[in-house]
Amino acid sequence: MSENNNSQNTATHLSDRYNPADVENRTYQWWEDSGFFKAQDQSTKPPFSIILPPPNVTGFLHMGHALDHTIQDMLIRWKRMSGFNAMWLPGTDHAGIATQSVVEKELRKENITRHELGREKFVDKIWEWKHTYGDRIYSQMRRLGDSCDWDRATFTLDEGVSKSVRKVFVSLHKKGLIYRGKRLVNWSGPLETAISDLEVEHKQIKGTLFHINYPLEDGSGFLTVATTRPETLLGDTAVAVNPEDDRYRHLVGKNVILPLINRKVKIIADTYVDKEFGSGVVKITPAHDFNDYKVGKTHNLEFINLLTKKAEMNENAGVYAGLKVQEARKRIIEDLKEQNLLVKEEPHVHSVGHCSRSGAVVEPFLSEQWFVKMDQLATPAKRVVENGTIRFEPESWTKVYLHWLNNIEDWCISRQLWWGHRIPVWYCAKCEHHTVSESDVSACEKCGSTNLKQDEDVLDTWFSSALWPFSTMGWPKDSETLKTFYPTNYLVTGHDIIFFWVARMIMMGLEFKRDVPFRTVYIHGLVRDSQGRKMSKSLGNSIDPVEMIEKYGADALRFTFVAHLYSGKDLKFSEQRLEGYRNFMNKIWNAARFALSNLADFKAPVEGIKALPNIANISVFDQWILTKLGEVMKAVDEAMESERFSEAANALYHFIWNEFCDWYIEFTKPILNGVNAAEKAATQLVIAQILNRITRLLHPFTPFISEEIYQKLPINGQACIMDQYPMVINDKDLLALGSQQSAFEIDLVKEVITAIRNIRGENRISPAVKLNVRLGVNNDQVQKILGNNRNALIVMGRLENIEIGEAGNLMKCAVSTAIVKDAEVKVIIPLEGLVDFDEELKRINKTIEKLTKDISMLNAKLSNEKFVANADEDVIAADRILLAQAKVQIETLRDALTRFQ
RNA sequence: AGGGAGUUAGCUCAGUUGGUAGAGCGCCACCCUUACAAGGUGGACGUCGCAGGUUCGAAUCCUGUACUCCCUACCA
């Protein structure tokens, strides 16, 4: 491939294979250097903006991003070309847990823990890491072709964003919407931090249900409780039964003795207990179970914490202190067995929460945390979706969104991490007052003491993400950027972060900007592997998009995504399919290469894209392809406007490959090689115009190859990326050269050629054999059309000779009927001496069979009085024509059949 | 348990107001026809999950049902 490097810019010496590596980096650099990605804060153009969901700053670009970005870039490029002031704002996320974990892992290689290093030095280390790897994902985005406005790139720990975060925190706190409380939260032992409900993944686990006897205090027997977590009995502060349960009613109010530690606890009654499950008796451990927590609150029970921050047994666990939970469980079961208190063990499948970051089992853990009260924020966030101010696409996500908001719980926003926005609260050692402030505080606002300590915790990463649409645009200042670009037009993301991110952005946008952050939430599916599994490191089925780009080119990857973007459905990624679109890129490349080589002597017209060929000189092929161009432009426009992006991409694929390449180029070869200079010049102009439109139409999908070809065209502008997106309304004069009559003519010629090819193919006649063909026509107009296209028929049908006129003698001839509208052409090929007739007889019989079926079905339909009475007139008329045509065809074939006998 | 989505050709999937089922890949046959073998031409292949209903007519609308997937919640 490299031998082409030096000649790549010479139109006549293009490689016969499209080599993306020769094009992509160079083109991207040129776009960026030329400032084409930049949007203006003030402009006469209408604004169009998208905020990129910020990827993790130290992460890699994965397939999910590649899909997500392709959609956004397509929208941005399309709108930019359509006259909008298109702004795509990139950024990266500090990703608290993820990034901190990565750096901790690095330290572990040197046998250092973050605690040994200390907070300040550890955070410095992470910054170092960020500076080293923070731009990696940006350069990968450039590989994909992302046309972001890079000058606006923002990092969540940038000063501006950090200010926004503090302002929002203080403001919500003032309103009473942020509060601190000792609550049971999801705790990740390995990370030593609280995590939110959303960060917990529930997995079905095969566990054991242990039935344990708790001796009654009065020695009258035992109460059997069933539990999957016997180790927590050390923290039991009650045993509960259902108040309606006759078996235990008499015991309520009495005490049982906890085994192993011999602590006395009450027997209480609560409707929460299901009589049917287990033994109907539940041990209550308020500090380690969410339901027990509620029961503990209502019954005023004691809360006994059994765990350390590492989620190991603590001093309250007595002899079991220091053990891991699993070990403690084992030991306790052994000890219970020894005391004959374990009644039975039965297998039990239940779901257990796991930390989505570390994979560890999540422990409910009692601790002091900060929360955001959600009810008040959720109400307006529901309303804007209900009333259509924000639209979800596909619409079905609306329900999911609303359901979640209707059942929302308060959001635990504090994390016991070091990497992130530190909570802006200072505690006074003297008066215990806590000062909440936007700026750093050196003295207690109440007593003036300088003996202050800032809260050690940082905020959940999603807290800053929730502000992203306005914190990146200069808020709280009323900046020009905000005025122009807020609210944004689209939010493009996968459905996995609707709750984490989308919902919270809507709440915060409404709370602080008094307006929605975006108009449309475009939800796409997840990229899965070819078997439909999630791509994950542990499965080893991840595919690296950059590797795919290197192998097949960015355009092919992008086109693969867009062509399969069907209404939010997951996308099974297959390399084979990508290969197919790589081939399409090559097809485009070669069509352009061919066209350009035939435009070597073509002089670019001064009118540029407004240049029209002389109507007297254009061929029917030119007229036809312009008709098709008009159709595809309309189809693309309608599809893009209604967000059916795959339809737009597929319409272009079909137009370029099946109409422009397969037919138009083949039809016009004789003209380009012919002697009629005027006709040739007209065709050259049409080709130049078609290529100009094709490249622009393709640009949002396949930016690199379209720009590369565009730059070589005789009719072009400065840059494809900045030129106008083709619209029917702007090309009226050119498209007016097309006509329905030309479409009819070419359709007929295509049908005849296809019929000839069919006879040749089915009879296995070598393409090297030139055929003699007779075309039987019954109509002067049809005869004239065929006569005019005699040359095309001969070349594309690989004919020796052609006669057009009466059908004549059909003895030992293959016959096929080409039908377009009311025109019928009998295609007659004498086979004597070419083939034995077996194949032809098979072909004829096969066709007769099919026609017989058609006829009987059409007859049945048309003789049905109710059909004739109820169906649309044009439907009936169409069926009548079909029937008549079928009858003609079958007669011809039967006739031919007899002449072979 | 509640909610959502899906079931169409060997595979992956389209199918926009109901009107004789489509694409790509794969497969078979023939071709290196001077843009492209990452190509060309032709061909085979589907009772549209199942059962009812509405209708002259259903892949499409309605009801039920089976299976698959996803989400949320619960599981002592």
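Here is how names work: the chains are called A, B, and so on, in the same order as the sequence lines, proteins then strands, and each is numbered from 1.
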| Is the closest side-chain heavy-atom distance between A:Lys294 and A:Tyr272 below 4.5 Å? | no
Distances under 3.5 Å between nitrogen or oxygen atoms of protein and nucleotides 22-25 of chain B:
residue	atom	partner	partner atom	Å
B:G24	N2	A:Arg577	NH2	3.4
B:C25	O2'	A:Gln576	OE1	3.1

| said: Can you see whether A:Phe594 has A:Lys669 sitting over its ring - NZ or CZ less than 6.0 Å from the centre and within 45° of the normal? | reply: yes
| message | Tell me the interatomic distance from A:Asp570, atom CG, to B:C71, atom P, rounded to whole angstroms. | response | 10 Å
| Sugar-phosphate only, base, or nothing, as touched by A:Arg760 at under 4.0 Å among non-hydrogen atoms | nothing
| Considering heavy-atom distances to RNA chain B, does A:Thr227 or A:Ser646 have its closest nucleotide positioned more toward the 5' end? | A:Ser646
| query | Considering only the P atoms, how many Å lie between B:G6 and B:G43, rounded to the nearest integer? | reply | 34 Å
| field | Integer-rounded Å distance: B:C71 C1' and A:Phe499 CZ | value | 7 Å
| message | Check this for me: does the side-chain of A:Arg764 come within 3.5 Å of the base of B:A29 through a donor and an acceptor? | response | no
Enumerate all atom pairs, one protein N or O and one N or O from nucleotides 52-56 of chain B, separated by less than 3.5 Å.
residue	atom	partner	partner atom	Å
B:C56	O2'	A:Asn864	ND2	2.8

| note | Between A:Thr232 and the options A:Glu363, A:His288, A:Lys283, the side-chain hydrogen bond (donor to acceptor under 3.5 Å, both in side chains) test singles out A:Lys283
| query | With A:Phe500, which residues qualify under ring pair (Phe, Tyr, Trp, His ring centres under 6.0 Å), at least two apart? | reply | A:Trp462
| query | Can you name the residues that form a salt bridge (charged side-chain N to carboxylate O under 4.0 Å, His left out) with A:Arg504, not counting sequence neighbours? | reply | none
| Rounding to the closest angstrom, what is the interatomic distance between B:G49 and B:U60 at atom P? | 8 Å
| note | To the nearest angstrom, the NE2-C1' distance between A:His350 and B:A1 comes to 18 Å
| request: Please state whether the rings of A:Tyr653 and A:Tyr581 are parallel, tilted or perpendicular, taking 30° and 60° as the class boundaries. | output: perpendicular
| Euclidean distance, atom CG of residue A:Asn650 to atom P of B:A14 [Å, nearest integer] | 11 Å
| message | Please report the distance separating the P of B:U47 from the corresponding atom of B:G53, rounded so that it comes out in whole Å. | response | 22 Å
| field | Interatomic distance at P, B:A37 relative to B:G26, whole Å | value | 16 Å
| request: With sequence neighbours excluded, tell me which residues meet ring pair (Phe, Tyr, Trp, His ring centres under 6.0 Å) with A:His495. | output: A:Trp397
| task | Have a look at A:Arg644 and say if it touches a base, only the backbone sugar-phosphate, or nothing, with a 4.0 Å heavy-atom cut-off. | result | base
| said: At 4.0 Å (heavy atoms only), tell me whether A:Leu882 reaches a base, stays on the sugar-phosphate, or touches nothing. | reply: base
| request: Looking at every strand, decide which applies to A:Glu666 at a 4.0 Å heavy-atom threshold: base, sugar-phosphate, or nothing. | output: base
| said: Can you confirm if the aromatic rings of A:Tyr401 and A:Phe392 lie within a centre distance of less than 6.0 Å? | reply: yes
| note | Note: for A:Arg798 and A:Met857 on RNA chain B, the residue whose nearest nucleotide lies more 5' is A:Met857
| Has A:Glu873 got more than 12 heavy atoms of other residues, nucleotides or ligands less than 6.0 Å from its CD? | no
| query | Mind checking whether A:Ile876 and A:Phe867 have side chains closer than 4.5 Å, heavy atoms only? | reply | yes
| message | Just checking A:Lys266: does its NZ atom have more than 12 heavy atoms from other residues, nucleotides or ligands closer to it than 6.0 angstrom? | response | no
| Taking atom C1' in both B:G46 and B:A21, what distance in whole Å separates the two? | 8 Å
| Any side-chain heavy-atom pair from A:Leu771 and A:Arg798 closer than 4.5 angstrom? | no
| request: If the plane angle is over 60° it's perpendicular, under 30° parallel, otherwise tilted; pick one for A:Tyr18 and A:Trp589. | output: tilted
| said: Using the side-chain contact (heavy atoms from CB on, under 4.5 Å) criterion, which residues pair with A:His348? Sequence neighbours excluded. | reply: A:Leu209, A:Thr228, A:Phe277, A:His350
| salt bridge (charged side-chain N to carboxylate O under 4.0 Å, His left out) partners for A:Asp637, two or more places apart | none
| Once you round it to whole Å, what is the distance between C1' of B:A73 and NE2 of A:His202? | 8 Å
| query | What is the distance from CD1 of A:Ile756 to P of B:C30, rounded to the nearest Å? | reply | 22 Å
| field | With sequence neighbours excluded, residues passing ring pair (Phe, Tyr, Trp, His ring centres under 6.0 Å) with A:Phe701 | value | none
| request: Pull out every stem in RNA chain B, meaning runs of 3 or more consecutive Watson-Crick or G-U wobble pairs with both distances under 3.5 Å. | output: B:1-7 with B:66-72, B:10-13 with B:22-25, B:27-31 with B:39-43, B:49-53 with B:61-65
Distances under 3.5 Å between protein N/O atoms and the N/O atoms of nucleotides 3-7 of chain B, please, pair by pair.
residue	atom	partner	partner atom	Å
B:G4	OP1	A:Lys399	NZ	2.7

| request: Between B:U8 and B:C48, how far apart are the P atoms? Round to whole Å, please. | output: 11 Å
| said: In whole Å, measure the gap between the P atoms of B:C70 and B:A51 for me. | reply: 28 Å
| field | ring pair (Phe, Tyr, Trp, His ring centres under 6.0 Å) partners of A:Phe655, counting only residues at least two apart | value | none
| Distance, rounded to the nearest Å, where A:Glu873 contributes CD and B:G19 contributes P | 18 Å
| message | Taking any heavy-atom pair under 4.0 Å as a contact, classify A:Ser574: base, sugar-phosphate, or nothing. | response | nothing
Below 3.5 Å is the cut-off: list the nitrogen or oxygen pairs between protein and nucleotides 41-43 of chain B, distance only.
residue	atom	partner	partner atom	Å
B:G42	O3'	A:Asn758	ND2	3.3
B:G43	OP1	A:Asn758	ND2	2.9

| message | Check whether A:Gln684 reaches the backbone of A:Asn598 with its side chain - one donor and one acceptor, N or O, closer than 3.5 Å. | response | yes
| said: Under 4.0 Å, counting only non-hydrogen atoms across every strand here, what does A:Asp274 touch: a base, just sugar-phosphate, or nothing? | reply: base
| query | For atom P, what is the distance between B:G52 and B:U12, given to the nearest Å? | reply | 29 Å
